[in-house]
Amino acid sequence: MSKVHVKTGDTVVVLSGRNKGQQGTVMAVSPKEGKVIVEGLNKVKKHVKPRSAAEQGGIVEAEGAMYSSKVQLVCPKCGKTTRVAHRILEDGSKVRVCKNEGCGEEF
């Protein structure tokens, strides 16, 4: 199992691919695969079969998973993309910190 640098609810920017430069919120994280699903980005078409007579089938658009290395976290305070640093507080808890110069915001 590998560790992923983003969590559910984080705002991220896509670094490469057809959605390069677009921002979105992380909906789901899969550490086992090293992938994330970002709201509104990497749309894929999915063919859905009707499960009952009342339900309708067809082609549905949904967000597809992308590798977590393709996204970078956006700092909520300074609004810039940043790498994630970790700081251990006095009480022993570990927090994520913005690495941009002069910011140092915890999230």
Side-chain angles (χ1 to χ4, degrees):
M1 213 153 109
S2 63
K3 195 163 168 108
V4 181
H5 67 283
V6 292
K7 293 181 179 180
T8 304
D10 286 345
T11 304
V12 294
V13 170
V14 180
L15 299 175
S16 65
R18 67 173 180 230
N19 296 117
K20 182 178 180 177
Q22 294 180 2
Q23 274 193 6
T25 306
V26 177
M27 291 174 24
V29 179
S30 177
K32 193 172 185 180
E33 296 174 330
K35 292 185 176 186
V36 295
I37 297 175
V38 183
E39 186 179 359
L41 301 179
N42 196 28
K43 292 278 192 172
V44 292
K45 292 193 179 195
K46 200 173 171 183
H47 295 261
V48 178
K49 211 171 184 182
R51 294 177 194 258
S52 65
E55 198 175 310
Q56 192 175 3
I59 301 170
V60 178
E61 246 187 42
E63 290 93 355
M66 64 173 72
Y67 285 107
S68 63
S69 60
K70 286 182 142 196
V71 297
Q72 191 168 25
L73 193 65
V74 175
C75 177
K77 183 182 175 190
C78 64
K80 297 178 184 175
T81 58
T82 182
R83 288 186 173 179
V84 179
H86 295 287
R87 185 179 298 149
I88 298 171
L89 301 176
E90 295 85 30
D91 63 348
S93 61
K94 192 174 174 183
V95 292
R96 298 183 303 160
V97 180
C98 175
K99 284 189 97 173
N100 288 332
E101 196 171 327
C103 184
E105 174 72 15
E106 296 176 356
F107 42 86

For [X] versus [Y], what's the shortest heavy-atom pair and its separation?
{"X": "Phe107", "Y": "Leu73", "value": "CE1-CD2, 2.8 Å"}
{"X": "Leu41", "Y": "Gly24", "value": "CD1-N, 4.2 Å"}
{"X": "Cys98", "Y": "Thr82", "value": "SG-OG1, 3.7 Å"}

With sequence neighbours excluded, what pairs up with [X] under the side-chain contact (heavy atoms from CB on, under 4.5 Å) test?
{"X": "Leu89", "answer": "Asp91, Ser93, Val95, Glu106"}
{"X": "Asn42", "answer": "Arg18, Asn19, Met66"}
{"X": "Ala65", "answer": "Lys35, Ile37"}
{"X": "Gln56", "answer": "none"}

Show me the donor-acceptor pairs within less than 3.5 Å that the side chains of residues 4-13 make with the rest of the protein, sequence neighbours left out.
{"residue": "His5", "atom": "NE2", "partner": "Val71", "partner atom": "O", "Å": "3.2"}
{"residue": "Asp10", "atom": "OD1", "partner": "Arg96", "partner atom": "NH2", "Å": "3.1"}
{"residue": "Asp10", "atom": "OD2", "partner": "Lys7", "partner atom": "N", "Å": "2.8"}
{"residue": "Asp10", "atom": "OD2", "partner": "Arg96", "partner atom": "NH1", "Å": "3.0"}
{"residue": "Asp10", "atom": "OD2", "partner": "Arg96", "partner atom": "NH2", "Å": "3.2"}

Q. Would you say Lys70 and Lys20 make side-chain contact, with heavy atoms under 4.5 Å?
A.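 No, their side chains stay 4.5 Å or more apart.
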(Q) Nearest 0.5 angstrom please: Asn100 CG to Lys80 NZ, how far? (A)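 It is 5.5 Å, given to the nearest 0.5 Å.
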Q) Got a sec, which pairs hit salt bridge (charged side-chain N to carboxylate O under 4.0 Å, His left out) with one end in residues 40-63, sequence neighbours left out? A)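 Qualifying pairs: Lys43-Glu63.
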(Q) Applying a strict under-4.5 Å side-chain criterion to I, L, V, M, F, W and Y, I'd like to know whether Val36 and Val74 cluster together. (A)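 Result: no, two separate clusters.
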